[in-house]
Amino acid sequence: MTIMTPAPIDQQEDEEMLVPHTDLAENNHQSMEVVAQPETANNTVESQPVEDPPSSRFTWRIDNFSRMNTKKLYSEIFVVGGYKWRVLIFPKGNNVDYLSMYLDVADSTSLPYGWSRYAQFSLAIVNQIQNKYSVRKDTQHQFNARESDWGFTSFMPLGELYDPSRGYLVNDTLIVEAEVLVRKIVDYWTYDSKKETGYVGLKNQGATCYMNSLLQTLYHIPYFRKAVYHMPTTENDMPSGSIPLALQSLFYKLQYSDTSVATKELTKSFGWDTYDSFMQHDVQELNRVLCEKLEDKMKGTVVEGTIQKLFEGHHMNYIECINVDYKSTRKESFYDLQLDVKGCRDVYASFDKYVEVERLEGDNKYQAEQYGLQDAKKGVLFIDFPPVLQLQLKRFEYDFMRDTMVKINDRYEFPLQLDLDRENGKYLSPDADRTVRNLYTLHSVLVHSGGVHGGHYYAFIRPTLSEQWYKFDDERVTKEDIKRALEEQYGGEEELPQTNPGFNNTPFKFTKYSNAYMLVYIRETDKDKIICNVDEKDIAEHLRVARDEDLVEQIGKDIYFDLVDHDKVRSFRVQKQMSLNLFKEEVAKEFGVPVQFQRYWLWAKRQNHTYRPNRPLMPVEEAQSVGQLREVSNKVHNAELKLFLEVELGLDLRPIAPPEKTKDDILLFIKLYDPVKEELRYVGRRFVKSTGKPSEIIKMLNEMAGYDPDEEIGLYELPQTNPGFNNTPFKFTKYSNAYMLVYIRETDKDKIICNVDEKDIAEHLRERLKKEQEEKEHKKKEKAEAHLYTIIKVARDEDLVEQIGKDIYFDLVDHDKVRSFRVQKQMSLNLFKEEVAKEFGVPVQFQRYWLWAKRQNHTYRPNRPLMPVEEAQSVGQLREVSNKVHNAELKLFLEVELGLDLRPIAPPEKTKDDILLFIKLYDPVKEELRYVGRRFVKSTGKPSEIIKMLNEMAGYDPDEEIGLYEEIKFEPNVMCEPIDKKLTFRASQLEDGDIICFQKAPAMDSEEHVRYPDVPSYLEYVHNRQVVHFRSLDKPKEDDFCLEMSRLYTYDDVVERVAQQLGLDDPSKLRLTPHNCYSQQPKPQPIKYRGVDHLSEMLVHYNQTSDILYYEVLDIPLPELQGLKTLKVAFHHATKDEVVIHTIRLPKQSTVGDVLDDLKTKVEMSHPDAELRLLEVFYHKIYKVFPPTEKIESINDQYWTLRAEEIPDEEKNLGPHNRLIHVYHFTKDTAQNQMQIQNFGEPFFLVIHEGETLDEIKVRIQKKLQVPDDEFAKWKFAFFSLGRPEYLQDSDIVSSRFQRRDVYGAWEQYLGLEHIDNAPKRSYAANPNRHTFEKPVKIYN
């Protein structure tokens, strides 16, 4: 029988949906992942849309359903909107254990080219016993030739479908319903959200629409977005490993991108894999977890406390006696409120229910301290509401009658303005601040469309609280009116007037499956602060600097193509206004490369999609800010500026000035391939002349590879692979060439190329390899079948005994270390009990299981025992009940009671009055915490009644006086409070799963000293303790000693402990230096005296925490030293060939003249009246002569050498025709077909006279340096200007070359003394084929 009735639908995509993906050729079933191409101008649309979209319901009765042997089945054709449709089902599933069902375009094969139609539809299996339990799923799709069917591969489990008691298959008849609404075709491929609305959407990874709707909501709270931008994300953070950076990147792209934004980096930072992206999670749970993570990441930063400021409110739980003056209260915080939907018509009704007073009377009277059982009233009132109020609507609940989760689709209204001060503040507690006006305006509505097993999420948001609403539906953003955003999301039923009288004369009511799930309100008085302006100045600039070291590290390991993965290079987070020259100083500190030796290249993306250094920065660009430079380098908005740092090294492997680059110079990056090792590696970069030939660099390449200079390497031309990009063929060197040859003698080849079979392989080896292969196949099978199994982790008392006080101290157990079972999801829990009985030897009837629950204070405790109805379920169903967030694991606590003979017995019956408490014992003398058991107590009982029991558990005397504490939480701070023994357990608000810690009461007259006298102090210590590895600053690679400390230790506490360890009387003589987590070296700057408050600050390096500190013992106290400037000065004696380094320590305000005066008292002068000068020497060049009046505070001797020397008499009285010039030693390296100048030795000044020839000057130089004739004859002399040598002849007039008189700024002009470099160029002479830097091969066993 076929029935068709009008049925408009307004549903959204169910994310379990997958179209068929088998028999593709026969039925043209396409996968959901196929992306349709944009339609061209020639595409046709079969009909134009009408004002009222045509819609109909089609009913299909299938008899003898269970006896059908066909793989798939089509319904008869029905027509909606002038189009032919049919339903396609796979009775036994489309390669899954689910019924698969789709809507199909019946005449798709005969339609004209380019046809397309858009429909919203729902498919349903009718429950013929109780219609409300029918399974219905809805979606929308644009059908075309490539995707002519669409629907649900996993519609409903076959086990449920074929179970007659479920009501879906009655008398072997199945009833299928399809509701189809044909809408105007929207060309989603050309729709531009940014152009139409000013906003962009988020891409769906598979089933992440729930996350997308939440992220859009949080992003459009500008105060929250600004706080995220200001979170410190520095150093080598990668978005995929840093939640703050990933969120900053996502928000930045949402703000500035023109197209939809991907969320993969963010989900990777969550630690999610692809499986998580295809599993739908709970929005509320994600909201809480994400806010908790951000709250933790914001600690210690400028935005600490932002989450609390925005979202945290407080309410008061109270119990107040009616007939006596007694009241118990407890204050709790909340980030969101869960409001009942069932039985409530609107938000106000839910709040009324939230604060509804419960009367405790009759059998439920309250046990009040000192007053006994009393009539009382119990309730909740609000102390304060947050600026941003998040309301979670309880649309899902557990149906105990049906034994499953159901969705509440009842009508539920919510206002545009919410007044929580209504009726004289009926929701507020007496302690509430009545001056705060709690009037809220609606900011966003998160909607769930679908059923309990899956559906689609999207959000309606007013970003600026204006009249205009926007719908954020994954990638698409559209403008919507207020009716669509509010009224149409109330839920409930809707009755439609007749639109097609020919089918049915009765109006049709249908349930609206799209309804509000979460509401966000913003307080009117705070809206200007929260809806604030967020612009580029709130966004940090990230500079990523790649170096040769990165290329060496990555090429051939992490990457093979191009040069570097920029996500893995050093990142700097700086202000956009910082100049690049200032940034260079940051780099100098980090890499030890002086500013003047740094040259930066911009990266560019080429047309062939490669990414290469393009050109060096020009001087005018280096004067710009990094923000301006990023805009120049990248027209596309990007938060990162990527640079390549070129550093040239001299023969002593120290940085030198980069060579001047002309238009004729080409920078090439060179990789070496070894075909024997199948190894590709980076060996360096070289400048070559564009007019040169590759044959001219053969020797250079061989040297870089460690080959013989004359090793033959082939050069080949790489043909163009994409002529559209470049018309010039590219020549490259082939690095794949023969390295070793093996020949076999003809007469021996039959003997050598012989048969090798199993009998030649030892049996033990065959067995081992067979087992390895079986294990590999087993793991492969496990992975393939993972979706059919559930992991059950069972914690027992034995686990708590084993772990508490050893592996853990807080909560009860580490679930990763308990026994886990891998069982099929369909297995019943009762059958699982038999598995446990075999494993633990506990008979089935003596096992009782408790579900674990994560509390709002982040603790994880057993919450309640399983009910009999739950024990009859499958473990897969039970996991879904226990954990709203999709998780492959079910965690249980196995309660086993033991008799006097220590054998299992039946667990005691648990009533509402029974509370299960877990008990830990603390010994302050041994500083030991251990688990001693669990006990049931009556909620009306008192702790004083269990003293004897606790003493017995601890092995104490029955009358031993003990102190009791409740372990409440440990994050972010430890909360452990004393328990009043006189109050009842209920009055102390103890419940199932709570932890009691007890200890002997400390004796008042005891002289025994203990560090942590009670449980709270011990737990505080455990929570904050830190083992610190101390290293001497002189030996930064070796641990000297370790000390256990508290992260809360002050600066004085730390140095005092270290001084005790070293036997040092005065702790102020210690200076500590923090550790750089990236360079694994001490940081350049030590910690100032009392410069940090706590040990935790000493160990933090950007976003990482270290456990290493460096120490040095000073000869004077650190506070005194900090007022002094310490300089290391090398004194060169005028007549003796000796250099002595002196440490000069003077007040910071001292001058260079003071340094020289102090030095005179320590050195031997050539004569009493000699004058000294102080020079700045760097890489064998004199860069500066310090004037005596210069302050020493600004002098840096970290990279530069300070040299003191006597001023020669000839330099004191220079005549008008004399010049004082720089003279430097150098060698010339031409092995790489280009000249490289390497300075070495001690530079010096020389006076030259006008008209003096080189021959005359050479005589004076030889005398000054005392060089033997035979050695001096080998030297060559050259005039250098800007790094270019001009060789001189003996007859040349030297003074004519030196025109500048400003000798102190003229270090770029000098007289060079060239020495012949006879040093060997190769490291290994024994094996000419071994690479220069390759380690020799060793076999140790």
Side-chain angles (χ1 to χ4, degrees), residues 330 795-814 850 852 855 857-863 893 895 915-939 941-1003 1006 1008 1010-1025 1046:
R330 184 164 187 164
R796 303 180 297 148
D797 283 311
E798 290 84 343
D799 297 307
L800 276 61
V801 169
E802 178 65 28
Q803 294 186 27
I804 293 173
K806 299 167 189 169
D807 301 330
I808 64 170
Y809 293 86
F810 301 97
D811 259 358
L812 294 171
V813 76
D814 179 352
W850 291 65
W852 293 81
R855 300 180 176 179
N857 62 8
H858 312 300
T859 57
Y860 207 56
R861 308 283 174 81
N863 184 42
F893 175 74
E895 176 196 350
I915 300 173
L916 178 62
L917 297 178
F918 292 81
I919 302 163
K920 299 179 185 179
L921 171 66
Y922 173 57
D923 185 335
V925 177
K926 295 180 180 178
E927 292 183 6
E928 178 183 272
L929 183 75
R930 61 189 178 94
Y931 174 71
V932 291
R934 54 181 165 72
R935 290 294 185 271
F936 282 102
V937 298
K938 296 293 181 183
S939 61
K942 298 180 179 179
S944 57
E945 298 166 3
I946 64 169
I947 298 297
K948 287 188 177 181
M949 177 189 74
L950 294 176
N951 279 328
E952 183 180 350
M953 294 172 77
Y956 297 161
D957 290 335
D959 299 324
E960 181 73 47
E961 186 178 349
I962 58 176
L964 302 181
Y965 302 86
E966 180 191 359
E967 180 191 315
I968 300 172
K969 66 171 187 172
F970 57 91
E971 287 294 348
N973 300 308
V974 173
M975 192 172 180
C976 182
E977 297 179 349
I979 297 175
D980 191 334
K981 299 175 189 174
K982 299 175 184 177
L983 296 178
T984 65
F985 291 106
R986 179 186 292 167
S988 296
Q989 301 189 31
L990 291 170
E991 58 186 37
D992 283 326
D994 280 345
I995 300 172
I996 288 182
C997 303
F998 74 99
Q999 67 176 92
K1000 284 184 181 180
S1006 173
E1008 190 172 17
V1010 291
R1011 292 197 302 167
Y1012 309 106
D1014 54 30
V1015 175
S1017 62
Y1018 178 72
L1019 291 180
E1020 190 73 45
Y1021 152 71
V1022 169
H1023 186 253
N1024 291 295
R1025 70 178 169 186
S1046 168

*Asks:* Under 3.5 Å, sequence neighbours excluded: what are the donor-acceptor pairs made by side chains of residues 969-976?
*Replies:*
none

*Asks:* With a 4.5 Å heavy-atom cut-off, do F918 and P862 have their side chains touching?
*Replies:* yes
*Asks:* Could you go through D994 and R855, starting from their C-alpha distance and side-chain angles, then the distance that decides it, and tell me whether this counts as salt bridge (Lys or Arg N to Asp or Glu O under 4.0 Å)?
*Replies:* CA-CA 11 Å; D994 280 345; R855 300 180 176 179; 2.6 Å; yes
*Asks:* Rounded to the nearest 0.5 Å, how far does OH of Y931 lie from CD1 of I804?
*Replies:* 7.0 Å
*Asks:* Do K938 and E945 make a side-chain contact, defined as non-hydrogen atoms from C-beta onward lying under 4.5 Å apart?
*Replies:* no
*Asks:* Would a 4.5 Å heavy-atom cut-off, applied to side chains only, mark I946 and F998 as touching?
*Replies:* no
*Asks:* Taking the side chain as everything from C-beta on, heavy atoms only, tell me whether I995 gets closer than 4.5 Å to Y965.
*Replies:* no
*Asks:* Counting distance only, does the side-chain N/O of E927 pair as donor-acceptor with the main-chain N or O of V1010 below 3.5 Å?
*Replies:* no
*Asks:* If we ignore hydrogens and angles and just use 3.5 Å, is the side chain of K981 paired with the main-chain N or O of L964 as donor and acceptor?
*Replies:* no
*Asks:* Give a yes or no on whether E991 atom CD has more than 12 heavy-atom contacts from other residues, nucleotides or ligands under 6.0 Å away.
*Replies:* yes
*Asks:* Check the pair I919 / R935 against side-chain contact (heavy atoms from CB on, under 4.5 Å), numbers first and verdict last.
*Replies:* CA-CA 8 Å; I919 302 163; R935 290 294 185 271; 4.1 Å; yes
*Asks:* Between Y809 and Y1018, what is the ring plane arrangement, given parallel below 30°, perpendicular above 60°, and tilted in between?
*Replies:* perpendicular
*Asks:* Spell out, as yes or no, whether a donor-acceptor pair under 3.5 Å connects the side chain of D957 to the backbone of D959.
*Replies:* no
*Asks:* Do M949 and E952 make a side-chain contact, defined as non-hydrogen atoms from C-beta onward lying under 4.5 Å apart?
*Replies:* no
*Asks:* Work out which heavy atom in L990 is nearest to a heavy atom in I915; give both atom names and the distance.
*Replies:* O-CD1, 3.4 Å
*Asks:* Flag the pair V813 / D799 as yes when at least one side-chain heavy-atom distance between them is below 4.5 Å, and no otherwise.
*Replies:* yes
*Asks:* Is R930 close to V801 at the side-chain level, that is, under 4.5 Å between some pair of heavy atoms?
*Replies:* no
*Asks:* Could you report the tightest heavy-atom contact between D811 and Y860, atom names first, then the distance?
*Replies:* OD2-N, 2.9 Å
*Asks:* Per the salt bridge (Lys or Arg N to Asp or Glu O under 4.0 Å) rule, what does the pair list look like for residues 1012-1025, sequence neighbours excluded?
*Replies:* none
*Asks:* Do you know the tightest heavy-atom contact between I979 and S988?
*Replies:* CG2-OG, 4.3 Å
*Asks:* Under a 4.5 Å cut-off applied to non-hydrogen side-chain atoms, are P924 and Y1012 in contact?
*Replies:* no
